[in-house]
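Worth knowing before you read on, the calculation uses all heavy atoms, side chains too, and leaves out hydrogens, waters and symmetry mates. Keep in mind that this is a model prediction, so the values were computed, not measured. A note on names: the letters A, B, ... follow the listed sequences, proteins ahead of strands, and every chain is numbered from 1.
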2 protein chains.
Amino acid sequence: MTLSILRHPQADMASELRHLARDAERYGDNKDYYGQGGLITDFERDIATMFGKPAALMLPSGTVAQPMALKIYSQQRQGQAVLLHPSSHLLLHEAMGFEALWGLTGIHVGDAERVLTSADLKAVEPQQLQHAVALVIELPMREIGGQLPSWQDLQAQVAWARQHGLAVHIDGARLWQCPSYYQRDLAQIAALADSVYVSLYKDIGGIAGAVLLGENDFIAQAKLWSRRAGANLISLYPYILAAQRGLKDNLPYLPAAVAYARELANALATIDGVKINPNQVQCTMFHLHIAATVQQVESVRECYIASQDIEVLPRPRATVNGHSVCEITVGRNALSKPVEFWLAHMRACLARLG
Amino acid sequence: MTLSILRHPQADMASELRHLARDAERYGDNKDYYGQGGLITDFERDIATMFGKPAALMLPSGTVAQPMALKIYSQQRQGQAVLLHPSSHLLLHEAMGFEALWGLTGIHVGDAERVLTSADLKAVEPQQLQHAVALVIELPMREIGGQLPSWQDLQAQVAWARQHGLAVHIDGARLWQCPSYYQRDLAQIAALADSVYVSLYKDIGGIAGAVLLGENDFIAQAKLWSRRAGANLISLYPYILAAQRGLKDNLPYLPAAVAYARELANALATIDGVKINPNQVQCTMFHLHIAATVQQVESVRECYIASQDIEVLPRPRATVNGHSVCEITVGRNALSKPVEFWLAHMRACLARLG
C-alpha cells in the first residue's frame, strides 16, 4: 500500500466492513430504525455529551445538516438571511442549496482569503441585517488552510451576533482539530454557539455522515426537517459503527497531529517555491502554495507515487496567485514517520518540478 | 430466531456486514466517491438497464428522490402543483416536505380507499390544472393493500396526463412486485412514465436507499438537486453492496411470492373476523382487516411470538372502520412453509382474541 502523508490509515471496503461486523456484534439484531434504537440514540447521546449540548441528531451529510439548522433559525426569527464568510462550504460546494432549496439568502462577511474577524462584522451596515437571523462561523476555516480567529476575537464575534439578535451556528466539519489551539475542550468551544455541525469522516475517518448539535427544541425541529428532507433514513448503522470506530482510533491522535503539523509545516516552508498557509499552523491541516501549475504538481505527484510508492501531496485543489494549493491534513499516517522523512521526500518530489 | 410470515430472511447487523465484506472484495479499494467510481456507476447502469431508462441516480432515500423529481418538472414546466392520490407517501409520511421544503403544492385526485382510476382524473376541473406539472402514480398503492389499476386504465391515466401536459412519475417503492399482475417486465411498466423511483430495501432487502430513473437530462438535473439536498454522499458503498446482494437473493423470488400471496390471502379470508384488502391480491403484499382493536391485535401477536416463536402478524399500522389493519408482505420467509402452516398459526393466534 502506498505510504501517504495524508490523514489516517484507511482500510479497504472489505476490511472496513469486517471491522464493523465485529463491532456490531454487541448490538445483536438491534438495527437503528428511522432514528430509533440504542445504537443510534446512544451514539447521539455520546456526541452530545462530548460537545456539552443537550441533544444531537445524526444525519447523512453536512450539506443537509447546515441549511437545516439555518432554516430553523429562519422560522424562529422570521427572516431568511444568514451571514456567511465568502469561503463558506454553503457558498462554494453545495450548488447553492441553502438558497435554491431552503429559501435562505446569504450576506457575505469578511474577505475570502482572510480569517473572519469581529472587525468584519462591525463593518456590516445595520440595514443589511434587517432580515438576518444567524451568523455561521467555520472553525477551522478550511479554504484558507485551517485558520482560526483568536479566542478573544471569536468571543467578540459571538457577542456581536447576540447584540444583533442573531443565532450563532458553528460549521465545525473539522472542529475536532481545534481544542489544541484554543486550549479548550470541544464543549467549551461549542458553548459559544446555539448549534454546531460536525463531520464524521474528515478528521474522524468514518464512512460518511454528520451530527447536528443544539438545544432539545432545536433538535426536535431538526428531526422534523430531517424527515422532510429525506435525511431520516431507515438505517444508518454502517455509518454509526464506522464513526464510533473512528472516534476510538483517530480522535485521541488529533492533539499530537496538531503539534506535528506545526513542525512539519515549518520544515516544509524551507523548500524553495513552497509557502505555507497559514504562516503559523493552528490545526492538523494547512495548505502548501507551490510555485507551479496544477498540471505540473499533478505530474510530479503521480510520478513520485509511481516510482517511490509515497504520496507526499494530494492533488491541488485550487490556484491562488499563480500557485497551486495542496491541502495537507496530518493524521496517523504522517505521524508514523519523523518530520525529516516527509521533508526529504517532499523536497525530492518537488525537485522534479525542475 | 423467530419464524416470520413477513418479508425475506434478514441477517443481523454483524452477519450482514460480513456478507457485504465478502462482496466488496472484488472492488478492492475503489470506494464510491460523491457518486463517482465503478461500484456506484455500474450499479446505477444495471438498474437503468433493468428499467429500460437511459439513466439512474442512487439516493439515500425515497423521501429525497420523489420531491426532487417533481421539483425538476416544476422548473421545466413552470408550475408548482402535482397530482397526488390522498394515500400518497408524500402526503402521509414525509412531514409534507414536498410543500414545506420543495415549494410544491398537491392536488388530491381519487379516493383514499380506492385505487386511482382514469375516471378520477377526468373528473378534475380544468382550472385546477392551471399550475399542475406532474401526475404521481403509485404502483402498487401501499396504503390500500397493494392495489393496482388495470393495465388498460393505467394507460388511460398516462394518456390523460400527456393530454394535459403533465409529466408522469411512478412512485415505484414496491414496483418490483408488479410484473406478475401486468404480465409485463419492469422496463415495460417504467416505459409509461417519464421518471420512476424504486426503493432498495422494501422488496429487495437492502439496508436503505433508493434509485431515481429517467432520461439523461432529467438525471443530470437530479444530480444537481441531490447536491443541493445533501443527498450526494461521499460514500454509499454499504447500501450499494446490500442492494446488489438483495437483488441477487430476493428479486428472483418475487413472482413466486405474488402467486403465494394470492393463495395465502384466500386461505386467511376463511378465518372469522378477517377480511382481505384487496379481495383479489395483485402483488406480494395485502392487508388483513381484523375485527379487533389495535391493542387486542398487538397483545395476541406478542403472546404468540412469546409462546410459539412465530410471527404471523406485524403490528397493526392503522384502523379502518373499527378493524385493525395489518400488512402482510410475502417474501422468502412465508415461502419457506406451506400455506396451511400459516393458516393454522394465524387461526390459532387470532383465536386468542376470544
Asker: Pick one of side chain, backbone, both or neither for B:L224, based on which atoms fall under 4.5 Å of a heavy atom in chain A.
Answerer: both
Asker: Let me know if A:L241 has heavy atoms under 4.5 Å from chain B in its side chain, its backbone, both or neither.
Answerer: side chain
Asker: Could you look at B:L59 and say if it's the side chain, the backbone, both or neither that has a heavy atom under 4.5 Å from chain A?
Answerer: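 Answer is neither: B:L59 stays 4.5 Å or more from chain A.
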Asker: Which of the residues A:I207, A:L101, A:L236, A:L90 is involved in the greatest number of heavy-atom pairs with chain B at under 4.5 angstrom?
Answerer: A:L101
Asker: Side chain, backbone, both or neither: which part of A:A242 has a heavy atom under 4.5 Å from chain B?
Answerer: neither
Asker: Could you have a look at A:A24, A:G97, A:A21 and say which one has the most heavy-atom pairs with chain B under 4.5 angstrom?
Answerer: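 Of A:A24, A:G97, A:A21, A:A21 has the most heavy-atom pairs under 4.5 Å with chain B.
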Asker: Can you tell me which portion of A:L233 sits under 4.5 Å from chain B's heavy atoms? Options are side chain, backbone, both or neither.
Answerer: side chain
Asker: Using distance alone, with no hydrogens and no angle check, list the donor-acceptor pairs under 3.5 Å between chain B and chain A.
Answerer:
residue: B:A11; atom: O; partner: A:K31; partner atom: NZ; Å: 3.0
residue: B:R18; atom: NH1; partner: A:E25; partner atom: OE2; Å: 3.4
residue: B:R18; atom: NH2; partner: A:E25; partner atom: OE2; Å: 2.4
residue: B:E25; atom: OE2; partner: A:R18; partner atom: NH1; Å: 3.4
residue: B:E25; atom: OE2; partner: A:R18; partner atom: NH2; Å: 2.4
residue: B:K31; atom: NZ; partner: A:A11; partner atom: O; Å: 3.0
residue: B:Y34; atom: OH; partner: A:Y201; partner atom: OH; Å: 3.1
residue: B:S61; atom: OG; partner: A:G230; partner atom: O; Å: 2.7
residue: B:H93; atom: O; partner: A:R227; partner atom: NE; Å: 2.8
residue: B:H93; atom: O; partner: A:R227; partner atom: NH2; Å: 2.8
residue: B:A95; atom: O; partner: A:R228; partner atom: NE; Å: 2.8
residue: B:Y201; atom: OH; partner: A:Y34; partner atom: OH; Å: 3.1
residue: B:R227; atom: NE; partner: A:H93; partner atom: O; Å: 2.8
residue: B:R227; atom: NH2; partner: A:H93; partner atom: O; Å: 2.8
residue: B:R228; atom: NE; partner: A:A95; partner atom: O; Å: 2.9
residue: B:G230; atom: O; partner: A:S61; partner atom: OG; Å: 2.7
residue: B:S235; atom: O; partner: A:Y239; partner atom: OH; Å: 2.6
residue: B:Y239; atom: OH; partner: A:S235; partner atom: O; Å: 2.5

Asker: What part of A:L39 gets closer than 4.5 Å to chain B, counting heavy atoms only: side chain, backbone, both or neither?
Answerer: side chain
